[in-house]
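Computed from heavy atoms alone, side chains included, the values below leave out hydrogens, waters and symmetry copies. Below, chains carry the letters A, B, ... as their sequence lines are ordered, and counting in each starts from 1.
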Number of protein chains: 2
Amino acid sequence: MPPNKVKSAEPALTPRRQHKADAKAAAHPHAKPRPLTRIQREKQDLILEAALDVFSMHGFRGSTIDQIAEVAGMSKPNLLYYFPRKEEIHRRLMSALLDTWLAPLKEMDADGDPFPEIRSYIRRKLEMARDYPRESRLFANEMLQGAPRIIEMLEVDLKNLVDEKAKILLGWMDQGKLAHTDPYHLIFSIWATTQHYADFDVQVRAVLGKDRGGEGRFEDAARYLEQLFLFGLTPRPKG
Amino acid sequence: MPPNKVKSAEPALTPRRQHKADAKAAAHPHAKPRPLTRIQREKQDLILEAALDVFSMHGFRGSTIDQIAEVAGMSKPNLLYYFPRKEEIHRRLMSALLDTWLAPLKEMDADGDPFPEIRSYIRRKLEMARDYPRESRLFANEMLQGAPRIIEMLEVDLKNLVDEKAKILLGWMDQGKLAHTDPYHLIFSIWATTQHYADFDVQVRAVLGKDRGGEGRFEDAARYLEQLFLFGLTPRPKG
DNA sequence: CTAACATTTTTCCAACTGGTCAAAATTTGG
DNA sequence: CCAAATTTTGACCAGTTGGAAAAATGTTAG
């Protein structure tokens with residue numbers, strides 16, 4: 001068997017002249033960064049919005065600037081005026097993403113009771129899968145590629161946050177308020193089951209069919225997951 | 001807001017001459033397809049193996065023939081001798097994938113008891129995530145892109161299979177052997193929680209850290225999931 | 001050994017890619 | 001209104017990409 005290493009095939013980066021803005025900043029390192037104009041804000045948002053569409057479907061390498069520009073309704077050079085490189089757009093999306101992505105977990109409160117806390121965590125994550133499926137897919141795409149652009153953030157910020165919340169969960173377990181089990185895998189299972197409805201949406205719809213594949217599927221999912229995490233699948237006497 | 005449709009940016013396909021093999025087949029439509037030579041079988045396997053590496057990381061559009069050829073240890077034209085187009089390689093991978101992918105669910109037996117059946121279904125899926133992570137990612141990549149190449153198979157074969165197994169689950173529920181809940185979402189949750197360990201492997205490792213991120217994570221996951229699906233997170237008196 | 005066939009390499013190409021640049025068009029502050 | 005600054009466009013470029021053609025090199029059955 002030959003070596004199976006996948007080489008990163010990004011375009012070999014040739015030395016390149018600076019972008020106008022960069023050059024200006026370099027000339028006056030202490031100049032106040034001129035506040036963004038209205039047009040700059042609007043267009044940047046337009047581009048990021050379009051890029052989210054494209055990157056979340058095809059991943060970084062599968063997406064082209066042309067395509068993003070077309071979705072954003074502008075020409076490629078015009079887009080490049082606002083974001084001098086493709087990577088820049090992606091970076092902006094990813095850093096905005098990580099913040100919003102971890103927010104629901106941050107809210108889990110040690111002073112609350114485990115079941116209401118876990119229940120509303122699941123609800124929030126499920127709402128995010130419903131309302132921000134592109135963000136979820138962008139994240140998933142990055143994971144599938146080995147998270148090259150955010151691995152340190154995962155190893156530091158994410159790990160710290162999860163460590164902290166795992167301690168809370170362990171505390172609840174010690175108090176007998178929660179079944180004694182692995183808090184890390186518990187968190188993983190919440191991520192997995194909720195994000196599934198964004199990332200594998202096509203499959204979910206295909207399997208549920210026309211009749212059950214409508215918007216109701218998120219409510220069904222919420223009900224099911226609530227039961228799963230509370231009681232599992234063991235039948236209980238009615239009450 | 002401009003139209004947000006993402007146009008498929010596959011290379012515009014220009015009319016192209018036939019590949020040798022195609023031409024031959026067209027010339028003698030009833031000729032027996034000559035059995036593959038040893039070299040053909042070996043090389044095709046090599047290529048498919050390499051393509052699995054590349055496609056599973058970068059998706060269809062993010063992968064290049066050059067890259068696949070390099071991983072397979074051959075030149076691009078040589079690779080194209082065996083698979084005249086990029087799509088062909090991907091198609092072969094996908095159709096092989098779907099079979100193996102659904103096999104574990106097919107094994108779920110109506111005559112068995114629900115918990116042993118579900119338990120071993122989870123085990124099998126988890127083993128697949130551990131032993132065939134590239135296949136899992138290839139599948140996930142296709143889903144993220146909206147499953148353009150397998151959507152009909154999902155809507156027919158997969159849906160039928162799940163419908164059938166959902167009936168089995170409902171039967172168990174009616175017999176009081178299984179908590180009454182949504183069988184479709186039950187299956188989704190098994191898919192999600194098990195495939196997570198292949199698709200989000202980087203994240204799982206990053207969060208578990210060096211000490212707990214080793215091979216043991218699959219055994220931990222199995223134990224955790226077993227408890228989750230059996231009893232949920234409600235604490236139980238020891239027994 | 002040799003003809004017929006299978007495989008590999010070399011060379012090539014048109015379309016696409018990320019990105020540059022100068023000029024033209026537009027907006028904005030005074 | 002006007003000059004300065006900002007924004008947009010069109011033409012362009014070098015490297016990459018999927019793929020074709022043909023020549024060169026193996027392999028194998030008789």
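Taking side-chain N and O atoms only, Gln40(A) has no distance below 4.0 Å to OP1 or OP2 of dT6(D). Between Ser75(A) and the phosphate of dT9(D), there is a side-chain N or O to OP1/OP2 separation shorter than 4.0 Å. Phosphate contact (OP1/OP2 of dT7(D), side-chain N/O of Tyr81(A), threshold under 4.0 Å): present. Phosphate proximity of dA6(C) to Lys43(B): absent, as no side-chain N or O sits under 4.0 Å from OP1 or OP2.
Salt bridge annotation for Asp201(A)-Arg205(A): present, with a cationic side-chain nitrogen under 4.0 angstrom from a carboxylate oxygen.
Between the CD1 atom of Ile68(B) and the C1' atom of dG19(D) there is a distance of 14 Å, rounded to whole Å. Counting to the nearest Å, the C1' atom of dT7(C) and the CG atom of Leu79(B) are 13 Å from each other. Following rounding to the nearest Å, Lys86(B) (NZ) and dT16(D) (P) show an atom-to-atom distance of 16 Å. For the pair His90(B) NE2 and dG18(D) P, the computed distance is 13 Å after rounding to whole Å. Across the protein-nucleic acid pair, His58(B) atom NE2 and dG18(D) atom P stand 13 Å apart, rounded to whole Å. As a whole-Å value, the separation of Glu42(A) CD from dT27(C) P is 12 Å. Computed from coordinates, the Ile65(A) CD1 to dT17(C) C1' distance equals 8 Å when rounded to whole Å. At whole-Å resolution of the value, CD in Glu70(B) and C1' in dT16(D) are 14 Å apart.
Looking at the side chain of Thr64(A), the nearest of the listed nucleotides dT7(D), dT17(C), dT17(D) is dT17(C). For Asp66(A), counting side-chain heavy atoms from C-beta on, the closest listed nucleotide (dT17(C), dG19(C), dT8(C)) is dT17(C). In the set dG18(D), dT8(C), dT20(C), the nucleotide with an atom closest to the side chain of Arg85(A) is dT20(C). Listed nucleotides: dT7(D), dT20(C), dT8(C). Nearest to the side chain of Asn78(B): dT8(C). Listed nucleotides: dT8(D), dG18(D), dT7(C). Nearest to the side chain of Tyr82(B): dT7(C). Listed candidates were dA20(D), dG19(D), dT8(D). Nearest to the side chain of Pro77(B) is dA20(D).
Between Tyr184(A) and Ile187(A) the shortest side-chain heavy-atom distance does not fall below 4.5 Å.
Taking the six-membered ring for Trp, Tyr197(A) and His185(B) have ring centres closer than 6.0 Å.
Taking the ring centre of Phe60(B) as origin, the terminal cationic atom of Arg149(B) falls inside the region bounded by 6.0 Å and 45° from the ring axis.
Counting non-hydrogen atoms under 4.0 angstrom, Lys76(B) reaches a base of the nucleic acid.
Ring pair Phe139(B)/Trp101(B) is tilted by interplanar angle, where 30° to 60° counts as tilted.
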